[in-house]
Chemist: 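Mind having a look at this structure? Questions to follow.
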Amino acid sequence: MNEPDRTARVHGVYALADTALLAAEQLLPRVESALIGGVAMVQYRDKSHDGARRYDEAKALRDLCWRHRAVFIVNDDIDLAQRVGADGVHLGRDDASPALARERLGPDALIGATCYNQIELAAPALAAGADHVAFGRFFPSHTKPGEIFASLDLLRTARATLGCPVVCIGGIRADNAAPLVAAGADAVVVGHGLFGPGVDSEAAARALAALWHTP
């Protein structure tokens with residue numbers, strides 16, 4: 001797979017399948033509903049130490065994503081991503097380096113790096129092996145309520161200068177994502193906006209996906 005084809009897959013609605021939000025019995029059916037609605041990428045996030053369950057869930061999600069021709073990413077854990085044959089991994093400030101992820105997962109892996117609201121973190125991450133970067137939070141977030149905010153100006157600058165896919169994270173929903181897409185976001189990561197209590201995951205995904213097709 002060549003470079004342009006690989007990074008072009010970082011696009012559209014990027015679902016955060018967080019087990020802190022989704023109970024075990026909800027994980028697969030709600031993610032599948034979101035995939036039916038148009039989710040293009042899924043990130044599995046589980047901060048527990050239950051290795052057997054994490055492996056089983058990640059592998060099942062990988063299979064589900066691939067049936068729907070979606071990208072499957074593992075949050076933080078390079079070893080788990082390698083074991084289940086994920087499409088890639090997403091790394092934060094306190095995780096392993098993109099260089100190690102690239103060495104372990106190979107040239108075709110999608111490797112994302114969170115740059116928070118600091119564009120100066122992007123170039124070192126890309127030089128170390130990341131191929132796309134994420135900024136945020138853009139709105140108040142349930143997953144990371146203490147994180148500082150990123151701005152639309154930062155997003156526009158990243159889009160104009162970095163030459164890689166740019167992902168937005170943090171409190172994003174169908175009713176607030178449009179300015180991010182208009183400012184150049186290649187993908188938006190959505191957790192509660194897809195999987196929160198009472199949310200119709202398929203309908204929310206469909207509304208989000210439509211933002212990339214609105215004239």
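In what follows, every heavy atom counts, from backbone to side chain, and hydrogens, waters and symmetry copies are set aside.
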Chemist: Can you give the donor-acceptor pairs under 3.5 Å from side chains of residues 63-70 to other protein atoms, not counting sequence neighbours?
Modeler:
unit_1 : atom_1 : unit_2 : atom_2 : d
W66    : NE1    : D87    : OD2    : 3.0
H68    : NE2    : E32    : OE2    : 3.1

Chemist: Taking all heavy atoms of L61 and all of A17, pick out the closest pair and write down the distance.
Modeler: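 Looks like CD1-CB, 4.5 Å.
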
Chemist: Going by the rule side-chain hydrogen bond (donor to acceptor under 3.5 Å, both in side chains), which residues pair with R156 if we only count those two or more places apart in sequence or in a different chain?
Modeler: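 Result, side-chain hydrogen bond (donor to acceptor under 3.5 Å, both in side chains) vs R156: D153.
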
Chemist: Please find the pair of heavy atoms, one from A205 and one from A34, that lie closest to each other, and give the distance.
Modeler: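 Answer, listing the atom of A205 first, then A34: CB-O, 3.3 Å.
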
Chemist: Tell me whether I169 is reachable from I111 by hopping between hydrophobic residues (I, L, V, M, F, W, Y) whose side-chain heavy atoms are closer than 4.5 Å.
Modeler: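 Looking at the clustering, I169 is in a separate group from I111.
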
Chemist: Looking at every heavy atom in both S201 and S33, which two are closest together, and how far apart are they?
Modeler: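 Shortest heavy-atom contact: CB-CB, 4.0 Å.
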
Chemist: So, does N176 use its side chain to make a donor-acceptor pair with the main chain of G171 at under 3.5 Å?
Modeler: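 Indeed, once roles are kept as given, a pair shorter than 3.5 Å links the two residues.
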
Chemist: For a quick test of your reading: what N or O donor-acceptor pairs under 3.5 Å do the side chains of residues 158-165 make, sequence neighbours left out?
Modeler:
unit_1 : atom_1 : unit_2 : atom_2 : d
R159   : NH1    : G184   : O      : 3.4
R159   : NH1    : D186   : OD1    : 3.3
R159   : NH1    : D186   : OD2    : 2.2
R159   : NH2    : C164   : O      : 3.1
T161   : OG1    : T157   : O      : 2.7

Chemist: Ignoring hydrogens and geometry, is there a side-chain-to-backbone donor-acceptor pair from R30 to F195 under 3.5 Å?
Modeler: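 Checked: pair present.
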
Chemist: Give a yes or no on whether L110 and V89 share a hydrophobic cluster (residues Ile, Leu, Val, Met, Phe, Trp, Tyr; joining criterion: side-chain heavy atoms under 4.5 Å apart).
Modeler: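 Cluster IDs for L110 and V89 differ.
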
Chemist: Could you go through the side chain to side chain contact (heavy atoms under 4.5 Å, CB included) check for M41 and V167 one step at a time?
Modeler: CA-CA 11 Å; M41 304 178 70; V167 177; over 6 Å; no

Chemist: Short question: side chain of R62, backbone of V84 - any donor-acceptor pair under 3.5 Å?
Modeler: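 Yes; judged by distance alone, with no hydrogens or angles, the pair exists.
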
Chemist: How far apart are the closest heavy atoms of C168 and L180, and which atoms are they?
Modeler: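 The pair with the smallest heavy-atom distance is CB-CD1, 4.0 Å.
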
Chemist: Could you give the distance from CG (D77) to CG (D46), rounded to the nearest 0.5 Å?
Modeler: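 The CG atom of D77 sits 9.5 Å away from the CG atom of D46.
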
Chemist: Counting N and O atoms only, with roles assigned by atom type, does the side chain of R104 sit under 3.5 Å from a partner on the main chain of I78, one being a donor and the other an acceptor?
Modeler: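 Not confirmed, R104 side chain does not pair with I78 backbone.
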
Chemist: Spell out, yes or no, whether L35 and L21 are grouped together once hydrophobic residues are joined by side-chain heavy atoms under 4.5 Å, including indirect joins.
Modeler: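 Yes.
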
Chemist: Could you please spell out the steps behind the side chain to side chain contact (heavy atoms under 4.5 Å, CB included) verdict for L154 and I119?
Modeler: CA-CA 7 Å; L154 170 67; I119 199 165; 3.6 Å; yes

Chemist: For A150 and F138, work out which heavy atoms get closest and say how close.
Modeler: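 In terms of heavy atoms, the two residues are closest at O-CD2, 3.6 Å.
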
Chemist: Has R173 got a side-chain atom pairing as donor or acceptor with A177's backbone, closer than 3.5 angstrom?
Modeler: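 It does not hold such a pair.
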
Chemist: Parallel, tilted or perpendicular for H132 and H90, by the 30°/60° rule?
Modeler: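 Correct class here is tilted.
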
